[in-house]
Amino acid sequence: MAYDADVIVIGAGLAGLAATAELVDAGRKVILLDQEPEQSLGGQAHWSFGGLFLVDSPEQRRLRIRDSHALAWQDWLGTAGFDRPEDRWPRSWAEAYVDFAAGEKRSWLHRQGVRFFPVVGWAERGGYGATGHGNSVPRFHITWGTGPGLVAPFERRVRAGAARGLVDLRFRHRVTGLSRSAGSVDTVSGEILEPSDVERGRASSREVTGAFELRAQAVIVTSGGIGGNHDLVRANWPERLGTPPERMLSGVPAHVDGKMLGIAEAAGGRIINRDRMWHYTEGIDNWNPIWPMHGIRILSGPSPLWLDARGKRLPVPLFPGFDTLGTLEHIMRTGHDHTWFVLTRKIIEKEFTLSGSEQNPDLTGKSVRDVLGRARAGAPGPVQAFMDHGADFVVERSLTELVRRMNELTGKPLIDAAALRDEIVARDREITNPFTKDLQVTAVRGTRKYLGDRLIRTAAPHRLLDPKAGPLIAVRLNILTRKTLGGLETDLSSRVLTDGGAPLPGVYAAGEAAGFGGGGVHGYRSLEGTFLGGCLFSGRTAGRAAARAVD
């Protein structure tokens, strides 16, 4: 039987584009399938902030950040917490990925035209011992152009392959089955959906207009995770994180539903680490949504007071930007799904960034002038828009009035104004003293010793009740679904493995569908900046391996 292509790639997100680009470089013929319309090319990477985990980069060295491969590997192991028999391949992938991040990753991207914002961010700081969770140094490199800027070179390579007749881009093709016609999985079947001109990210029609069946020597699954399927998120929710939230926001469109994972599993692939997932705790309702339950994450500096639903401070070291899943675990044991930031206008002007390409038009549009405008007084435009229109924001001059409206927003008198005032007064008292036992105050002061944070990410310490720093602002925070950390188990050649540990003939996987490598390269937690990089590294690996394997 004749083949329609050398390789079929399922999913036109960043991992799929990276794999296809490598196949083109090897002269292979590729069919790239995606159920969404062409305007959604690039998948979730388009919506991202474009953060990448790099080790000992020129950007770090210019800011006097001393990083090394050994330090990054220490941080990865302390964060991942690999402790299962099935962590064999994830750990091997982790070693390879840290080698990549400390080696050729930056130069490889630089050759393709990717550039970086000069200030390196410090995400997931941990706050435990040196060998525990978190980044010991800043490593979060923001792509100049954010997510679209990172997608662009890979889209360019794929479209150049299409112009050469090597790539057949087939959108609105929804895969429903993988099967064998010989010894290996070589047949991809599914439904053709009617054309759609909806805006990127919006729900597209599911009207079926036909069927397809395609054959190739190899298939690469790059279909993403389960973050848009709340039922599946709850079904896989780990006991260690408490009871699943009754209400969650979606950090990804609804079509990120995990169905392709089930199809690959039915074909013989093994899924591991289903209960490892990465969801954010600082989600806010998007006042201008694109997809259902569209949430945006606040990327906050360390200064806001973080309170549970009853107005009690979260325990050490659960400060903004320190331990995402530690915070999630604590929240889910409080009996409520939401928490609060309480801060001042002075803090929000300097410390609030919203995650996503569309929420950072200056960086996404590569406007030096607009980026420099962030240094001016006033909240950034997208942040101000949420203050003006967002359902989760409360702004008041008086703490008493602020608490009244916080309780009004939730519909329950959960927060006692007098108790919260006592907490804030105690915190403010230590701000004015060079000595303190308040570890958040210590953390804020420590953060400002890093030039990057002092310049653009951390406000000068001040009293929350100082009228000159006001008005006061409260932000209700919701659980926001995002990433699947488990997935199809793969070896270091991205070959999907079966329950018996042998490769599933002809099938490869990359990106979130493969747990970003091996079925869970992150283990239990992420160091951040590692999702896009994981898509690139695993996609590149899968493309190169499949290119070598086909005739």
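- Salt bridge annotation for Arg540-Glu22: absent, with no cationic side-chain nitrogen under 4.0 angstrom from a carboxylate oxygen.
- Using modelled atom types and a 3.5 Å distance limit, the side chains of Asn273 and Tyr524 yield no donor-acceptor pair.
- His294 and Ser250 share no side-chain donor-acceptor pair at under 3.5 Å.
- Residues meeting the salt bridge (charged side-chain N to carboxylate O under 4.0 Å, His left out) test with Arg310, sequence neighbours left out: none.
- Legend: salt bridge (charged side-chain N to carboxylate O under 4.0 Å, His left out) pairs involving residues 387-399, not counting sequence neighbours, sorted by first then second residue: Asp392-Arg476, Glu396-Arg405.
- Pairing each heavy atom of Gly251 with each of Trp291, the nearest pair is O-CZ2, 3.6 Å.
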Return a table of donor-acceptor pairs under 3.5 angstrom between the side chains of residues 94-102 and protein atoms on other chains or two or more places apart.
residue: Tyr97; atom: OH; partner: Lys105; partner atom: NZ; Å: 2.6
residue: Asp99; atom: OD1; partner: His69; partner atom: NE2; Å: 2.6

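- Checked against side-chain hydrogen bond (donor to acceptor under 3.5 Å, both in side chains), Lys346 has no partners two or more places apart in sequence or in another chain.
- Phe531 and His522 have their aromatic ring centers within a separation under 6.0 angstrom.
- Between Phe53 and Trp76, the ring planes are perpendicular. Angles over 60° get that label, and only those under 30° would be called parallel.
- Between Arg313 and Asp438 a salt bridge is recorded (basic side-chain N to carboxylate O distance below 4.0 Å).
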Step-by-step side chain to side chain contact (heavy atoms under 4.5 Å, CB included) determination, Phe154 to Arg156: CA-CA 5 Å; Phe154 297 94; Arg156 183 168 56 247; over 6 Å; no

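- Salt bridge Glu423/Arg427: absent, no basic N to carboxylate O contact under 4.0 Å.
- Phe49 is linked by a ring pair (Phe, Tyr, Trp, His ring centres under 6.0 Å) to nothing, counting only residues two or more places apart in sequence or in another chain.
- Residue pairs meeting the salt bridge (charged side-chain N to carboxylate O under 4.0 Å, His left out) criterion with at least one partner in residues 353-372, sequence neighbours excluded, are Asp362-Arg374.
- The list of salt bridge (charged side-chain N to carboxylate O under 4.0 Å, His left out) pairs with a residue in residues 115-127, not counting sequence neighbours, reads Arg125-Asp453.
- Side-chain polar atoms of Thr481 and His279 form no donor-acceptor pair below 3.5 angstrom.
- The aromatic ring centroids of Phe319 and Trp306 lie 6.0 Å or more from each other.
- Residues forming a side-chain hydrogen bond (donor to acceptor under 3.5 Å, both in side chains) with Ser303 (at least two apart in sequence, or on another chain): Glu351.
- Within the 3.5 Å criterion, the main-chain N or O of Ala152 finds no donor-acceptor partner in the side chain of Gln112.
- Applying the salt bridge (charged side-chain N to carboxylate O under 4.0 Å, His left out) definition to pairs two or more places apart or across chains, those involving residues 66-80 are Asp67-Arg139, Asp75-Arg139.
- The pair Arg240-Glu329 does not meet the salt-bridge criterion, since no charged nitrogen lies less than 4.0 angstrom from a carboxylate oxygen.
- Side chain of Thr143 to backbone of Gly145: no donor-acceptor contact under 3.5 angstrom is found.
- Between Asp428 and Arg421 there is no salt bridge, since no side-chain nitrogen of the basic residue lies less than 4.0 Å from a carboxylate oxygen of the acidic one.
- Residues meeting the side chain to side chain contact (heavy atoms under 4.5 Å, CB included) test with Thr541, sequence neighbours left out: Trp93, Ser494, Phe537.
- Not one N or O on the side chain of Arg62 forms a donor-acceptor pair closer than 3.5 Å with the backbone of Pro118.
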Full working for side chain to side chain donor-acceptor pair (under 3.5 Å) between Thr364 and Thr146: CA-CA 5 Å; Thr364 302; Thr146 66; 2.7 Å; yes

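- Under the side-chain hydrogen bond (donor to acceptor under 3.5 Å, both in side chains) criterion, Tyr280 pairs with Trp278, Glu528, not counting sequence neighbours.
- For Asn433, there are no side-chain hydrogen bond (donor to acceptor under 3.5 Å, both in side chains) partners at least two apart in sequence or on another chain.
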